[in-house]
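Source: prediction; values computed, not measured.
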Amino acid sequence: MGKNIYIHIPFCERKCPYCDFYSITDRSASSTYVDALIKEAEAFSKSGVRPDHNDSQDTLYIGGGTPSSIDAKDIARLVDAVKDLFRLSDDSEITIEVNPSSLTADKAAIYRDAGINRVSMGVQSLDDNVLRTLGRLHDSEGAKRAIGILQEVFDNISCDLMSGIPGQSLDSLIRSAEELLSFGIKHVSCYSLSLEEGTVFEKRYRDQIEDLVPPETEREMYHRVREVLASGGLMPYEISNSACPGYESRHNLNYWAGGNYYAFGAAAAGYLQDIRFTHPASLSDYLMAADEVTAEAVREYFDKAKDKSDLIVTTDIMTEEEKIREYPFLALRTNAGMSIARFNELYGQDLLDVFGEAISKNTEAGLLVREGDRIFLTSEGFDFADKVIRDMI
Ligand code: SF4
């Protein structure tokens with residue numbers, strides 16, 4: 001059974017005005033933080049707490065924040081330690097998130113030498129006006145330079161794009177997607193802007209909705225960018241992700257399949273032994289808790305499904321019914337959709353009995369379609385994914 005591990009690096013060079021992920025700009029404690037991550041990983045690896053069901057392959061995903069904003073040698077010793085502690089297989093997918101403004105050729109080489117084999121870069125756009133609106137530290141030339149650096153070292157490169165940015169046109173988004181294709185990028189994630197509570201963007205645009213991209217244009221952007229990427233060989237395989245065959249993110253596929261995963265670091269969220277849990281979204285709280293963590297404490301937490309600990313601040317024990325209801329929420333995000341056989345095997349119930357009514361209603365409405373074992377969203381269905389999923393919850 002594969003082991004899937006998420007590690008959060010909560011440091012960024014500057015806070016982007018639209019972002020609500022936990023991250024801070026003071027990076028002075030980043031080496032100490034990596035020490036704490038290794039300590040936590042060691043406690044979990046020795047605790048005996050294991051995944052219940054998973055993707056068959058090992059994956060390690062170092063996300064953030066901006067992992068490339070800290071010393072690459074710290075990243076290398078983190079990867080070394082985790083590979084060793086969890087005995088990750090040689091064919092593991094090991095991903096790191098980077099930003100163009102903090103990536104250098106030296107860092108890319110250190111990542112490769114540590115065994116990282118997949119890089120996900122926050123490009124967001126190749127239009128300087130859009131990048132300025134987003135408050136990004138890089139411009140389009142910087143992004144292209146960073147793509148060049150990565151391509152010297154890595155084959156498996158993913159780039160993020162954003163749609164629905166105030167002032168962004170459909171043409172601008174499509175040109176960015178086409179440029180990524182022209183560079184030979186094999187995986188693209190395209191996320192729609194959403195105004196997250198407490199962000200600068202939320203305050204700025206809450207009362208200026210006329211500055212936002214109208215919903216119908218936003219939907220057009222969504223469909224057109226998927227079509228353009230598909231025409232370049234990157235097939236959509238999830239609501240926001242398109243990839244050349246074989247370049248899909250194995251780490252995220254496990255997540256969408258309802259698989260278990262370890263999670264280490266401040267604000268990191270994991271899922272093990274029927275428990276969804278989160279770590280403190282505070283660097284100082286995390287450092288204090290990780291300093292005291294032991295394998296016994298981790299084992300006791302999971303065995304007794306304790307409410308809370310200093311290291312784990314929220315606990316959601318998934319009942320069988322909740323896991324069943326969560327299945328369409330995760331599976332319908334993917335183009336593969338829900339598998340009747342997999343559901344029946346996992347939960348010992350017939351998917352068509354459990355969700356039959358909602359499936360029929362949405363199939364008649366043209367939002368779902370069944371092909372053999374699979375039931376998945378139609379192209380129109382992706383516009384109403386939230387509604388279809390709500391019908392099943
Ligand atoms: S670089 Fe990424 S994680 Fe950091 S503030 Fe910007 S969007 Fe958020």
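- Between R132 and D139 there is no salt bridge, since none of the side-chain N atoms of the basic residue sits less than 4.0 Å from a carboxylate O of the acidic one.
- Side-chain contact between I116 and V79 is present, with heavy atoms from C-beta onward closer than 4.5 Å.
- Taking a 6.0 Å sphere around CG of D90, one finds it holds 12 or fewer heavy atoms contributed by other residues, nucleotides or ligands.
- Remark: aromatic rings of Y111 and F154 are distant, center separation not under 6.0 Å.
- Remark: aromatic rings of Y255 and Y261 are close, center separation under 6.0 Å.
- Within 6.0 Å of the CD atom in E210, the count of heavy atoms belonging to other residues, nucleotides or ligands exceeds 12.
- Taking 4.5 Å as the limit, some side-chain heavy atom of L78 sits within range of a side-chain heavy atom of I38.
- Using a 4.0 Å cut-off between charged side-chain N and carboxylate O, E320 and K323 make a salt bridge.
- Within a 6.0 Å radius of OH in Y347, more than 12 heavy atoms belonging to other residues, nucleotides or ligands are found.
- By the ring-ring contact (aromatic ring centres under 6.0 Å, His included) test, F355 is found to be paired with F343, residues two or more places apart in sequence or in another chain being considered.
- In summary, the side chains of D155 and Y247 do present a donor paired with an acceptor at a separation below 3.5 Å, with no hydrogens or angles considered.
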Practice item. Test R175 against E179 for salt bridge (Lys or Arg N to Asp or Glu O under 4.0 Å), laying out the working first. Key: CA-CA 6 Å; R175 269 199 307 276; E179 277 195 86; over 6 Å; no
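- For the 3.5 Å distance criterion, the side chains of Q57 and S92 fail to qualify, holding no donor opposite an acceptor.
- Stacking of R276 on the aromatic ring of Y271 is recorded, both the 6.0 Å distance cut-off and the 45° axial limit being met.
- For the residue pair E196/S194, the side-chain donor-acceptor check at 3.5 Å is satisfied.
- Side-chain N or O atoms of D211 include none that pairs as donor or acceptor with a backbone N or O of P166 at under 3.5 Å.
- A salt bridge does not link R87 to D84: none of the charged nitrogens lies less than 4.0 Å from a carboxylate oxygen.
- Ring centers of F86 and F44: at least 6.0 Å apart, outside the cut-off.
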Review point. Can N241 and N252 be said to form a side chain to side chain donor-acceptor pair (under 3.5 Å), step by step?
Key: CA-CA 10 Å; N241 289 280; N252 286 337; 5.4 Å; no
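- Taking Ile, Leu, Val, Met, Phe, Trp and Tyr as hydrophobic and joining them when side-chain heavy atoms fall under 4.5 Å apart, one finds Y18 in a cluster with V130, L134, M162, I165, L193, L195, F201, Y205, I209, L212.
- Summarising the local packing, CD of E357 is surrounded by 12 or fewer heavy atoms from other residues, nucleotides or ligands at distances under 6.0 Å.
- N99 and S101 share no side-chain donor-acceptor pair at under 3.5 Å.
- You'll find the ring centres of H187 and Y237 inside the 6.0 Å limit.
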Review point. Can you list the steps and then say if R219 with E216 is a salt bridge (Lys or Arg N to Asp or Glu O under 4.0 Å)?
Key: CA-CA 5 Å; R219 285 292 86 194; E216 54 284 5; over 6 Å; no
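- Atom NZ of K73 has 12 or fewer heavy atoms from other residues, nucleotides or ligands within 6.0 Å.
- The residues E42 and K39 are annotated as not salt-bridged, no charged nitrogen and carboxylate oxygen being separated by less than 4.0 angstrom.
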Review point. Can you list the steps and then say if R250 with D58 is a salt bridge (Lys or Arg N to Asp or Glu O under 4.0 Å)?
Key: CA-CA 9 Å; R250 281 163 27 193; D58 294 346; over 6 Å; no
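- In terms of hydrophobic clustering, with Ile, Leu, Val, Met, Phe, Trp and Tyr side chains grouped at heavy-atom distances under 4.5 Å, F183 and L161 are assigned to a common cluster.
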Practice item. Start with the C-alpha distance between E202 and R206, add both sets of side-chain angles, then the distance that settles salt bridge (Lys or Arg N to Asp or Glu O under 4.0 Å), and finish with yes or no. Key: CA-CA 5 Å; E202 194 237 356; R206 189 176 37 204; 3.7 Å; yes
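- Ion pair E141/K144 flagged as a salt bridge, since at least one NZ, NE, NH1 or NH2 atom sits closer than 4.0 Å to an Asp/Glu carboxylate oxygen.
- To the nearest 0.5 Å, the span separating CE on M338 from CG on L330 amounts to 12.0 Å.
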